[in-house]
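Note on naming: letters A, B, ... go to the chains in the order of the sequence lines (proteins, then strands), and numbering restarts at 1 for each one.
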2 protein chains.
Amino acid sequence: MAKVRHSRFDCSPGCSVEAAIGLIDGKWKSVILFHLLSGTLRFNEIRKIIPNMTQRMLTNQLREMEDDGLISRKVYAQVPPKVEYSLSPLGRSMEPVLLALKQWGDANLGLYGKPKIANPDEAASADSVGA
Amino acid sequence: MAKVRHSRFDCSPGCSVEAAIGLIDGKWKSVILFHLLSGTLRFNEIRKIIPNMTQRMLTNQLREMEDDGLISRKVYAQVPPKVEYSLSPLGRSMEPVLLALKQWGDANLGLYGKPKIANPDEAASADSVGA
DNA sequence: CAGTATCCAGGAGGATACTG
DNA sequence: CAGTATCCTCCTGGATACTG
């Protein structure tokens, strides 16, 4: 589990929630993780998928998640370097969380032109939501 | 849904994951939310539950979540002020996420002396986290 | 291709004091 | 009781340039 660079482990009941979130905060981690759910990806593939992220950030987030044991890094000793990133078993075990997050976002945030919340008595109507 | 002060809506597929996380990051939000799952709480009650958090932070996080529509704030016009915080329907709809997070944390982080992942020998070797 | 190395700005979050 | 108001620090993350 490496270092826990997050200063987040204050621990009261609910601590594990915080701790869990601590591993997937970071501006891009959740997105990277989410895309890795679909399978192994190479460095530049991720960059293409998430163009707004600089390579510095990609490396950072990737390294932290690797340290946290969420992802695996496979380096092929080749002339044109090739590095593949994939979910570790621990990272894969995060799938329900990621999916819950995605579903909630799809259902309750109006990111794709959906009408979002609007009505208290209608919180999670979510007639749609693929998945 | 107010302002979305997070600069986080870059939106690529997986965006909703990011967006959803954006609402519950903040050092204490998830913990507050989690405790509110159990019921309405007053300002100072929350402070007691999460002693490490300053009142400034509590107010901050509370306000942001209120702006995001996750919680409701009920003020009683009394001599000794009384303010109650509770989950809004939207906040309540976050329950599966919070629970998934908590379960994952309990299962995979060794915060309470649990053995965590039970898989590859590397996954994690509980020893860090002084709590 | 897959990173490192530097530099830099902004904002999150902590400490402390005051108030309706 | 339930906040505000200030001040200040550090860390996150963006931009850019270089490399094995």
Side-chain angles (χ1 to χ4, degrees), chain A residues 2-10 12 18 21-32 35-36 40-68 71-86, chain B residues 3-10 12 18-19 21-32 35-36 40-68 71-86:
Chain A
K3 271 201 343 225
V4 183
R5 81 209 72 67
H6 324 274
S7 50
R8 297 187 155 223
F9 290 78
D10 318 90
S12 53
E18 238 299 286
I21 273 216
L23 297 181
I24 56 175
D25 67 2
K27 194 167 182 180
W28 307 102
K29 288 187 185 175
S30 53
V31 185
I32 298 172
H35 285 292
L36 283 177
T40 297
L41 289 172
R42 298 181 56 174
F43 191 83
N44 275 2
E45 289 181 316
I46 305 182
R47 290 196 63 193
K48 265 161 221 154
I49 298 177
I50 319 174
N52 302 312
M53 177 176 43
T54 62
Q55 69 281 59
R56 193 185 88 91
M57 270 302 109
L58 179 53
T59 310
N60 267 359
Q61 312 272 291
L62 247 17
R63 289 291 191 229
E64 293 192 356
M65 299 213 262
E66 196 191 348
D67 286 348
D68 289 333
I71 61 176
S72 301
R73 180 167 178 267
K74 181 162 190 181
V75 183
Y76 294 81
Q78 299 183 349
V79 188
K82 173 178 176 181
V83 181
E84 287 185 343
Y85 292 92
S86 57
Chain B
K3 268 199 346 199
V4 182
R5 80 210 72 67
H6 326 273
S7 50
R8 295 189 155 220
F9 289 79
D10 317 272
S12 54
E18 240 299 285
I21 273 215
L23 297 181
I24 57 176
D25 66 1
K27 194 168 184 181
W28 306 102
K29 287 187 185 174
S30 53
V31 186
I32 298 171
H35 286 292
L36 284 178
T40 297
L41 289 173
R42 297 181 55 175
F43 192 82
N44 275 2
E45 290 181 315
I46 305 180
R47 291 197 62 192
K48 267 161 219 154
I49 297 176
I50 318 173
N52 301 313
M53 177 177 42
T54 62
Q55 68 281 61
R56 193 185 88 90
M57 269 303 110
L58 179 52
T59 309
N60 266 358
Q61 311 273 291
L62 247 16
R63 289 290 191 229
E64 292 192 356
M65 294 178 118
E66 197 192 349
D67 285 347
D68 290 332
I71 61 177
S72 301
R73 181 167 178 267
K74 180 162 190 180
V75 184
Y76 294 81
Q78 298 184 349
V79 187
K82 173 179 176 180
V83 181
E84 286 185 343
Y85 292 92
S86 57

What is the distance, to the nearest angstrom, from the CE atom on A:M57 to the C1' atom on D:dT16?
14 Å
Rounded to the Å, how far apart are B:L58 CG and D:dG3 C1'?
10 Å
The nucleotide from C:dG3, D:dT4, D:dG14 with an atom nearest the side chain of B:T59 is D:dT4
Are the side chains of B:F43 and B:Q55 in touch, meaning some heavy atoms are under 4.5 Å apart?
yes
Upstream residue (5' side of DNA chain C) when A:E84 and B:N60 are each assigned their closest nucleotide
A:E84
To the nearest angstrom, the CD1-P distance between B:I46 and D:dG3 comes to 9 Å
Quick one: A:Y76 OH to C:dG3 P, roughly how many Å, whole number?
13 Å
Whole-Å distance between C:dA2 P and A:L41 CG?
11 Å
Can you find a side chain N or O atom of B:Q61 that sits less than 4.0 Å from OP1 or OP2 on C:dG13?
yes
Of the candidate nucleotides D:dG13, D:dA2, C:dA2, which contains the atom at the shortest distance from the side chain of B:N44?
D:dA2
Of all heavy-atom pairs between B:E18 and A:S30, which one has the smallest distance, and what is that distance?
OE2-OG, 3.3 Å
Report yes if at least one side-chain N or O of B:Y85 is closer than 4.0 Å to OP1 or OP2 of D:dC1; otherwise report no.
no
Who pairs with C:dT4 - Watson-Crick or G-U, where each distance is under 3.5 Å:
D:dA17
Side chains of A:M53 and A:V31 in contact at under 4.5 Å (non-hydrogen atoms)
no
Of the listed D:dA2, C:dG13, C:dG3, the closest approach to the B:F43 side chain comes from D:dA2
Less than 4.0 angstrom between a side-chain N/O of A:R63 and OP1 or OP2 of C:dT4, yes or no?
yes
Return the value, rounded to whole Å, for the distance between atom CZ of A:R47 and atom C1' of D:dA15.
12 Å
Whether the side chain of B:R56 and the base of C:dG13 hold a donor-acceptor pair under 3.5 Å is what I'd like checked.
yes
Test A:E66 against A:R63 for salt bridge (charged side-chain N to carboxylate O under 4.0 Å, His left out), laying out the working first.
CA-CA 5 Å; A:E66 196 191 348; A:R63 289 291 191 229; 3.5 Å; yes
Mark yes or no for whether A:E84, through its side chain, and A:K74, through its backbone, hold a donor-acceptor pair below 3.5 Å.
no
What nucleotide, of C:dT4, C:dC1, D:dT4, holds the atom closest to the side chain of A:Q55?
C:dT4
Report the distance from atom NZ of B:K82 to atom P of D:dG3, rounded to the nearest whole Å.
13 Å
Using whole Å, report how far CD of B:E45 lies from C1' of D:dC1.
12 Å
